[in-house]
Structures are given as structure tokens and as C-alpha cells.
Protein chains: 2
Amino acid sequence: MSNNQFKKGELYSFITGKASTAMARRLQKNFKQHGIEITIEQWSVLYHLWKQDGLSQQELCSATFRDKPSITRLVDNLEKLKLVKRVASKEDRRMNLINLTEAAKKLQDQTMDMANQTLNEALGGVTAEEIEICKSVLQRVYDNLK
Amino acid sequence: MSNNQFKKGELYSFITGKASTAMARRLQKNFKQHGIEITIEQWSVLYHLWKQDGLSQQELCSATFRDKPSITRLVDNLEKLKLVKRVASKEDRRMNLINLTEAAKKLQDQTMDMANQTLNEALGGVTAEEIEICKSVLQRVYDNLK
DNA sequence: GACATATAGTTAGTTATGCAACCAATTCAA
DNA sequence: TTGAATTGGTTGCATAACTAACTATATGTC
């Protein structure tokens, strides 16, 4: 049992570990080299708006697994960059609906290509089956803890 | 091919995604509930010092996958908490050797138990084989990108 | 209608990360 | 042995994260 726990302890370093940040940093670098001056955190917000424009900040919280203050500032910074605009909802005046600008729409294809390319690099030598298992493990870890 | 890429795109959200931060947050909460006022980032530094005391900051960089400024500040904060002490190396006066205090040594057993417990919760319903595959995928992702 | 409660979003404070520029000690080479 | 390059560490700046406390709108109950 203590042996088993030690093995799990090793996994801990991988999960908190740096595969994800290595990927984030690589993607960020690709953006920068192509003159795209957004952070991957900002990109992850745009990612969900590209799938569906006009989400509320609360919906962005759920979609990106962030808390409210985090989304407030990410939207602040995206607004400064003129990539989104807050629009007060008419049905519920507490809500801000976040709308993409034309500039943000233009970023979609370009950055999605870079993201896919980064993923191809990252997943070199990994089979589709292993990917599925890894996805499902990470999903269960998340579900177990949330 | 584009189908394949879409599947990978989904993985991206899992890898950058929040399994790791969910685990970190849970462990942090466990610490707090037991009156242990350190962050999991600070804990991850102590973790390596428990395995081997007196590492240099550079060695802590490699061990924790962080850059030099990050370690400088984490050690700053650990020093404020009187959990470590910087000691200039006698062989190479550029180096700080980081030594655990007695207070830090006392934290080891307690926090390791909590970490193992958090991992057991996180890995509920995941087989040992799946864990191994997941570890190996994350390791390859890291190696592909570093 | 009035008060309690819940929900959407913001603000303030602390910690952490990445990058770039920097200083100081060491090593290497002409 | 002197000058260049390397290595270990620090500082400044910007972005982002979590917690807690706050405002404002909306809902629900008596």
C-alpha cells in the first residue's frame, strides 16, 4: 500500500507538473513569433467565444474553469486590446454579454492552426489510444475533485 | 486528418486544463484546514528539499521545472516563513545552498499524508495501468516540448 | 410591498509565473 | 594573466490566480 502510494506520489509531480505549462509556454512563443500579442489565458477565453459569441462572464467561468475575478480581469485585458466588448444584457441587467470584435474574429483561424501544430509537436510518439486513456484519466481526476 | 486534429484540440483543453489546478487547489484547502499556511508551490519546493536537503537554487529550478526568478521568490517567501535558510556555498560563492529549518522538517510527515490522501481521492476509479500510461504520455509531452 | 436570499460582477491584497535586463563569481582561452 | 563567455542569482515589469469583501440587480416569501 505504501508502495502504491509512492507511485501515486510520483504521478502527483506529473499532474501538478509541467506538461501543461510547457505546452502553454510553447504556444505562447508561437503566438509571439507570429506577432500575435495575446496570452494563452486570453486565447483560452477567445476560444470559447469563437465557439459561441456573446457568453456571459459567468458562462466563461464555467467554460474555462476559472473564478469570477479571474474572468473579470481577463475580459478587462481583452477589452483593452479591443478584442471583445462588454454589452449589458437587456433581460438581466446584472449580466455582461461578451462580444467578439472583428479583430478577434480574424485571429481565430491563425491561432487555431498554431494550437493544432503545437499539439502535433507535443503528441509526437503518442498513439491515439494513449491519448484517449490520458484524456479520460484527467477527466476523472477533475470530476473526483470538483 | 482534420478530424484527428480536432480530437487533439480537445485534449489541449484537458492538458492546459484544470485537472492539475483542481488537485493543487484541493491540496491547498487541506493544508489550510489543518492550519498549515503554505502554498502548494512552496510545498513543492520543500518536497524536493525533504528528499535532499541543501540543494542549490539552480538544482531546485530543474527539480521543480521552474525558472530562476520563480525559485528566487519562492525561497524568499520560504525564508520569511522561517522554513528554509540560504547558506552561501564555500566551494562556489555564487551559489546559495538552501537548508531546511527544524520547523520545515516537522511539516514533512503531516503534509505528505495529506498529499497522498488527496491523490487517492483524485485517482478514485483509475487503474494502476491507466496511471502508468497517463504518466508516460505527460512525460513524453514534456520531453517533446522542452 | 418589504425583507431575506441568491446571483452577476468588481475591487483589493497576496502569491506566483514568464521575460528581460542586470550583477557577481567562475572558467576558459589567447 | 587578462578579457570573454558562462553560470548562479536578483530585480523590475506585466499578467494571472485565489480569497474575501463588496455593490447592484433579481427573485422569492411572508
Side-chain angles (χ1 to χ4, degrees), chain A residues 16-18 20-33 37-45 54-81 83-84 86-98, chain B residues 16-18 20-33 37-45 54-81 83-84 86-98 145-146:
Chain A
T16 68
K18 298 304 156 172
S20 61
T21 54
M23 191 127 93
R25 214 157 41 199
R26 171 67 60 93
L27 184 53
Q28 179 91 61
K29 191 178 290 183
N30 285 357
F31 284 173
K32 197 162 195 178
Q33 280 171 354
E37 297 288 341
I38 59 174
T39 66
I40 60 114
E41 289 84 3
Q42 292 165 0
W43 178 81
S44 77
V45 171
L55 294 173
S56 72
Q57 294 189 195
Q58 197 58 242
E59 287 168 326
L60 285 172
C61 290
S62 318
T64 66
F65 306 105
R66 289 183 172 86
D67 65 359
K68 293 191 292 173
S70 298
I71 290 297
T72 293
R73 319 245 181 195
L74 282 170
V75 172
D76 284 349
N77 286 334
L78 285 167
E79 229 175 9
K80 276 185 216 153
L81 293 170
L83 293 172
V84 304
R86 284 181 169 93
V87 178
S89 163
K90 286 174 185 171
E91 290 87 46
D92 185 337
R93 293 211 321 263
R94 290 172 301 181
M95 283 203 289
N96 293 331
L97 304 182
I98 311 303
Chain B
T16 66
K18 300 301 159 177
S20 61
T21 53
M23 190 125 94
R25 215 158 37 199
R26 170 65 62 93
L27 185 52
Q28 180 92 62
K29 192 177 290 184
N30 285 356
F31 284 173
K32 198 162 196 178
Q33 281 171 351
E37 296 288 340
I38 59 175
T39 68
I40 60 116
E41 289 83 4
Q42 292 165 359
W43 178 81
S44 78
V45 171
L55 295 172
S56 70
Q57 294 190 194
Q58 197 58 241
E59 287 168 325
L60 285 172
C61 290
S62 319
T64 64
F65 306 104
R66 288 182 171 86
D67 67 357
K68 294 191 292 172
S70 295
I71 289 297
T72 293
R73 307 211 210 224
L74 281 170
V75 172
D76 284 350
N77 286 334
L78 284 168
E79 231 176 8
K80 276 185 217 154
L81 294 169
L83 293 172
V84 304
R86 284 180 168 94
V87 179
S89 163
K90 287 173 183 171
E91 290 87 46
D92 185 338
R93 292 210 322 261
R94 289 171 302 181
M95 281 203 290
N96 294 332
L97 305 182
I98 311 303
L145 294 177
K146 77 179 172 193

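Residue numbers begin at 1 in each chain, while the letters A, B, ... track the order of the sequences. Not measured: the values here are computed from a predicted model.
- Atom CZ in B:R86 sits about 15 Å away from atom P in D:dG8, given to the nearest Å.
- Residue contacts shown for B:D76 are absent, as no nucleic acid heavy atom lies under 4.0 Å away.
- Taking A:A22 as the reference, B:Y142, B:L145 meet the side-chain contact (heavy atoms from CB on, under 4.5 Å) condition, with sequence neighbours excluded.
- Across D:dT10, D:dT15, D:dT25, the shortest atom-to-atom separation from the side chain of B:T72 is found for D:dT10.
- Between the base of D:dG12 and the side chain of B:R73 there is a donor-acceptor pair shorter than 3.5 Å.
- Atom CG of residue B:L55 and atom SG of residue B:C61 lie 11.0 Å apart, to the nearest 0.5 angstrom.
- Among the protein residues, A:D67 comes within range of the nucleic acid bases, having at least one heavy atom under 4.0 Å from a base atom.
- Computed from coordinates, the A:E79 CD to D:dT15 P distance equals 15 Å when rounded to whole Å.
- For the pair A:L78 CG and D:dT15 C1', the interatomic distance rounds to 12 Å; values are reported in whole Å.
- If you check every strand for non-hydrogen atoms under 4.0 Å, A:L74 touches sugar and phosphate atoms only.
- Take A:Q42 and apply the side-chain contact (heavy atoms from CB on, under 4.5 Å) test, not counting sequence neighbours, and it matches A:I38, A:T39, A:L74, A:N77, A:L78, A:L81.
- The shortest heavy-atom contact between B:S44 and B:T64 is O-CG2, 4.1 Å.
- The nucleotide range of DNA chain C contacted by chain B, defined by atoms under 4.0 angstrom from heavy atoms of the protein and reported 5' to 3', is C:dT15 to C:dT26.
- When rounded to the nearest whole Å, the span between NZ of A:K68 and C1' of D:dT19 equals 12 Å.
- Contact annotation: B:Q28 side-chain N/O to D:dT19 OP1/OP2 distance is not under 4.0 Å.
- Atom C1' of nucleotide D:dG8 and atom CD of B:E91 are separated by 15 Å, given to the nearest angstrom.
- Between B:R25 and D:dC18 there is a side-chain N or O to OP1 or OP2 distance below 4.0 Å.
- For B:N96, whose side chain is taken as the heavy atoms from C-beta onward, the closest listed nucleotide among D:dG12, D:dT10, D:dA16 is D:dT10.
- Applying the side-chain contact (heavy atoms from CB on, under 4.5 Å) test to A:S62 and every residue at least two apart in sequence or in another chain returns nothing.
- Going from atom OG of A:S56 over to atom CD1 of A:I98 covers 8.0 Å, rounded to the nearest 0.5 Å.
- We find the CG-NZ distance between A:N30 and A:K32 to be 12.5 Å, quoted to the nearest 0.5 Å.
- If you take CZ of A:F65 and C1' of D:dA16, they are 18 Å apart, rounded to a whole angstrom.
- Looking only at side-chain heavy atoms (C-beta outward), B:K29 and B:Q33 come within less than 4.5 Å of each other.
- Comparing B:E41 and A:K29 against DNA chain C, the residue whose closest nucleotide sits nearer the 5' end is B:E41.
- In this structure, the nucleotide among D:dT11, D:dT15, D:dA20 sitting nearest to the side chain of A:P69 is D:dA20.
- Counting only residues at least two apart or on different chains, the salt bridge (charged side-chain N to carboxylate O under 4.0 Å, His left out) pairs with a member in residues 54-80 of chain B are B:D76-B:R86, B:E79-B:R86.
- Between the CZ atom of B:R26 and the P atom of D:dC18 there is a distance of 15 Å, given to the nearest Å.
- Here the CD1-CD distance, from B:I71 to B:E41, works out to 10.5 Å after rounding to the nearest 0.5 Å.
- Set against D:dT15, D:dT10, D:dA17, the side chain of A:T39 has D:dT15 as its closest nucleotide.
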So which protein N/O to nucleotides 5-7 of chain D N/O distances come out below 3.5 Å?
unit_1 : atom_1 : unit_2 : atom_2 : d
D:dT7  : O2     : B:R94  : NH1    : 2.8

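- Atom CZ of B:R66 and atom P of D:dG8 are 19 Å apart (whole Å).
- The nearest heavy atom of DNA chain D to A:D92 and to A:K80 marks one nucleotide each, and the one closer to the 5' end goes with A:K80.
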